[in-house]
Visitor: 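The structure that follows is given in the form of structure tokens.
FYI, the numbering just counts along the sequence from 1.
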Amino acid sequence: MVDTAKQPLHLTADVLILGGGPAGTWAALAAAAKGARVVLADKGYCGSSGATAPSGTGVWYVQPEGKLREEAKASRFKMGGELAEHRWMNRVLDQTYENMNRLGVLGYPFPVDEFGNPHKRGLQGPEYMRLMRKLVKKAGVKILDHSPAMELLADSHGVAGAAGVRVQTGEPWSVAAGAVVLATGGCAFLSKALGCNVLTGDGYLFAAEAGAALSGMEFSNAYAICPTFSSVTKTAYYSYANFYYEDGTVVEGAGSKKGRSVIARNLQAGRQVYARLDQAPEDVQPLLRTAQTNFFLPFDRLGINPFKDLFPVTLRLEGTVRGTGGIRLAGEDCRTDVPGLYAAGDAATRELICGGFTGGGSHNAAWAMSSGSFAGEGAADYARSLGPNALNREPVGLSSSPLYHGRASAGESVRTAEYTSAVQNEVKPYDINLFRTERRLASSLGCLNGLWREQRNRNLPITPEGVKAREAEAMTATARWMYASALERTETRGMHKREDFKEADAGQHHRLIASGLDEITISHEEVAKEGILL
């Protein structure tokens, strides 16, 4: 049992960053560059936790040349249901180009071609995040590792910090800050996708408790192809695969892009699907191994050659980590509707550059580093605008469940595990979350509403057990916003597929904004017409 009698750690800062992945570290660098005093609190160890750190990722890095940029913006515009905005795509492409070039100057070891030109369309997660941690520390940012936040702090003027617990020592912490950036990642519902088990939607819940809204939560049903014996979800590699039944017969229509639903329907019917990367040319195979070494480790341990041998696959839920829903942004500096609160990376909606569809890496990686930069600068400017008044605030905690200092009560962990399992039972099944219908969504939402009411007023300790309980609440809340939005969008658009409304409806070319905790309301927001890519 962790000793919770330790004296709390109290810090002050101009900007507090919650989350130490790409978005959080870029936000910290940007805020520090503007002269802000910055504290960064990470649920894990900044530099090694999160979805980016353990693997390679492509990056939406495009030279600033007219035709190339237009092609890049058009590449997923239709697939995303035409909900992306030209202006935001331009800003992200520009910022990503600048940040990637900066990484090269600061020491990232980009590979070079035979002419010595660096290849900047991808990053190796371990090297990338190791460098980012080094740069953040060099910038004077104070890092709190293994220090998940449990609630935001606020007063009548807006958000003014956050509080949590250092799980390795049991030491409660709080940071009073002029502004807070939520870079807590998305929500993969503890599905065991590599690097995603720290991503439980915490930032969504914190934002909603402060009064912020969410956008695009219907686009949160991403499933990734994955070997049944592995947690590595690198769906791009399956573009080299054919899919088979156990007897070697080809599964017609199955694929890594438009054929995932075929895989899902077979798995749902109890028919195991197998893959083999037999479309990868021999000269490409060594390059694939170099680019994603961890993809091949589980195969090597089992003596499987994925280029020649069949191996069983499944679809692992990645939720909003590979979806596009998240906290609604109210300005180009990534501020929310709540004064002093900013959002970046997977915590923020990615509809602005992806609409209703994205995948792993590429746009996601670009969005993390660019929105992190925007949010860090915006938060620093806001904190500076408060002047000396920022030191005189007396904020209170915003947790929807009362938090207390003390030991966890008997059975706390068991109850939390039961809530987590109950939420997973509503979000993992393909026939609820992937192949959506009004009947199934409404039934599931009813169950989730009941789970939320049960958890709503639990007294939770500021301990590791309390952190897990808050994660269960965040996953419950995230699923409710997802399904409330999915019920409202009575069409098929982007990754949101309704079995009872299989076509896109031109009358629903708008965003859906979800608000509220106990009672969820859904409103419509028009896509900026001057920003639509034609």
Visitor: Any chance the side chains of Thr358 and His363 put a donor and an acceptor closer than 3.5 Å?
Guide: no
Visitor: What ring pair (Phe, Tyr, Trp, His ring centres under 6.0 Å) pairs are there with at least one residue in residues 200-229, not counting sequence neighbours?
Guide: Tyr223-Tyr430, Phe229-Phe299
Visitor: Rounded to the nearest 0.5 Å, how far does CG of Asn266 lie from CD of Gln272?
Guide: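 Nearest 0.5 Å value for the CD-CG distance: 9.5 Å.
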Visitor: Could you verify whether a donor N or O on one side chain and an acceptor N or O on the other, from Asp346 and Thr320, lie under 3.5 Å apart?
Guide: no
Visitor: If a pair satisfies ring pair (Phe, Tyr, Trp, His ring centres under 6.0 Å) and one of its residues is in residues 448-489, list it, with sequence neighbours excluded.
Guide: none
Visitor: Evaluate whether atom CD of Glu438 has more than 12 neighbouring non-hydrogen atoms of other residues, nucleotides or ligands under 6.0 angstrom away.
Guide: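 Not buried by this count: 12 neighbours or fewer within 6.0 Å.
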Visitor: Measuring from atom CD of Glu499 to atom CG of Asp431, what distance do you get when rounded to the nearest 0.5 angstrom?
Guide: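 Taking CD in Glu499 and CG in Asp431, the distance rounds to 10.0 Å.
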Visitor: Distance only, no hydrogens: is a donor on one side chain within 3.5 Å (strictly under) of an acceptor on the other, for Ser409 and Arg415?
Guide: yes
Visitor: To the nearest 0.5 angstrom, please state how far the CZ atom of Arg456 sits from the CD atom of Glu473.
Guide: 8.5 Å
Visitor: Enter the distance from Tyr128:OH to Gln124:CD here, rounded to the nearest 0.5 Å.
Guide: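 One gets 13.0 Å once the value is rounded to the nearest 0.5 Å.
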Visitor: Would you please say whether a donor-acceptor pair under 3.5 Å links the side chains of Lys234 and Ser55?
Guide: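 Judged by distance alone, the side chains do pair up.
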Visitor: Is the side chain of Trp173 donor-acceptor paired with the backbone N or O of Leu9 at a distance under 3.5 Å, no angle test?
Guide: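 It does not hold such a pair.
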Visitor: Are any of the side-chain nitrogens in Arg133 or Asp145 under 4.0 Å away from the carboxylate oxygens of its partner?
Guide: yes
Visitor: Please check if the side chain of His496 supplies one atom and the backbone of Arg489 the other of a donor-acceptor pair under 3.5 Å.
Guide: yes
Visitor: Nearest 0.5 Å, what's the CG-CE distance between Leu460 and Met150?
Guide: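 The CE atom of Met150 is 6.0 Å from CG of Leu460, to the nearest 0.5 Å.
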Visitor: Under a 3.5 Å cutoff, is there a donor and acceptor pairing between the side chains of Glu209 and Ser400?
Guide: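 Yes.
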Visitor: Do you see a donor-acceptor pair shorter than 3.5 Å between the side chains of Gln455 and Ser401?
Guide: no
Visitor: Should the pair Glu218-Arg436 be classified as a salt bridge under the 4.0 Å nitrogen-to-oxygen rule?
Guide: no
Visitor: Salt-bridge test for Glu471 and Lys468: reply yes if a basic N is under 4.0 Å from a carboxylate O, no otherwise.
Guide: yes
Visitor: Return the CG to CZ distance between Leu214 and Arg328, rounded to the nearest 0.5 Å.
Guide: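 Leu214 atom CG to Arg328 atom CZ measures 10.5 Å (nearest 0.5 Å).
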